[in-house]
Amino acid sequence: WIRHYLNLIGGDCYDCLVVIDHAGQDPTTAVLLERLGRMGVHVWRCNGIFKDKERMWNQVIDVYKNESDFVFPLDVDEWIILIN
């Protein structure tokens with residue numbers, strides 16, 4: 001999905017993406033997020049309880065809102081599909 005969103009914004013602008021990992025437990029995802037962070041993606045790891053998710057998103061958006069033309073919060077973990 002990272003490539004998909006990079007294509008939507010026009011190329012390889014990893015620095016244009018912010019990924020929020022909310023209480024992630026998967027070691028494969030942790031490795032991927034570490035790699036993306038080295039490539040320039042802004043990775044935030046948040047461990048608050050689910051009902052605090054709105055406040056967490058707002059805090060992260062506040063960091064980037066003045067330097068961004070648009071902010072599109074997308075909850076993408078529901079899109080992950082594994083096919084054998």
Side-chain angles (χ1 to χ4, degrees):
W1 56 265
I2 293 288
R3 282 269 176 231
H4 172 73
Y5 289 109
L6 286 174
N7 287 334
L8 287 175
I9 60 175
D12 290 332
C13 182
Y14 288 91
D15 187 43
C16 297
L17 292 177
V18 177
V19 174
I20 301 172
D21 179 22
H22 181 245
Q25 302 286 326
D26 181 60
T28 303
T29 300
V31 170
L32 175 61
L33 292 176
E34 183 69 32
R35 184 181 316 147
L36 290 170
R38 287 192 306 269
M39 297 170 76
V41 173
H42 302 261
V43 178
W44 289 64
R45 289 185 176 83
C46 304
N47 293 313
I49 60 176
F50 186 79
K51 71 177 188 174
D52 290 339
K53 198 171 185 178
E54 178 183 351
R55 184 179 48 80
M56 175 195 65
W57 275 75
N58 286 330
Q59 288 174 342
V60 173
I61 289 170
D62 281 346
V63 170
Y64 299 100
K65 69 182 179 185
N66 292 327
E67 63 187 71
S68 305
D69 293 329
F70 301 97
V71 176
F72 298 102
L74 303 167
D75 192 359
V76 299
D77 59 340
E78 288 84 5
W79 297 357
I80 296 174
I81 300 170
L82 301 176
I83 300 173
N84 286 332

Asker: May I have all residue pairs that pass side-chain hydrogen bond (donor to acceptor under 3.5 Å, both in side chains) and include part of residues 18-27, sequence neighbours excluded?
Answerer: Asp26-Thr29

Asker: I'd like to check Val63 versus Gln59 (side-chain heavy atoms, cut-off strictly below 4.5 Å). Are they in contact?
Answerer: no

Asker: The criterion is side-chain hydrogen bond (donor to acceptor under 3.5 Å, both in side chains); which residues satisfy it with Asn47, sequence neighbours excluded?
Answerer: none

Asker: Check residues 30-44 and write down every donor-acceptor pair under 3.5 Å in which the side-chain atom is one partner and the other belongs to a residue at least two apart or another chain.
Answerer:
unit_1 : atom_1 : unit_2 : atom_2 : d
His42  : ND1    : Tyr64  : OH     : 3.2
His42  : NE2    : Asp15  : O      : 3.1
His42  : NE2    : Asp15  : OD1    : 2.6
Trp44  : NE1    : Tyr64  : OH     : 3.0

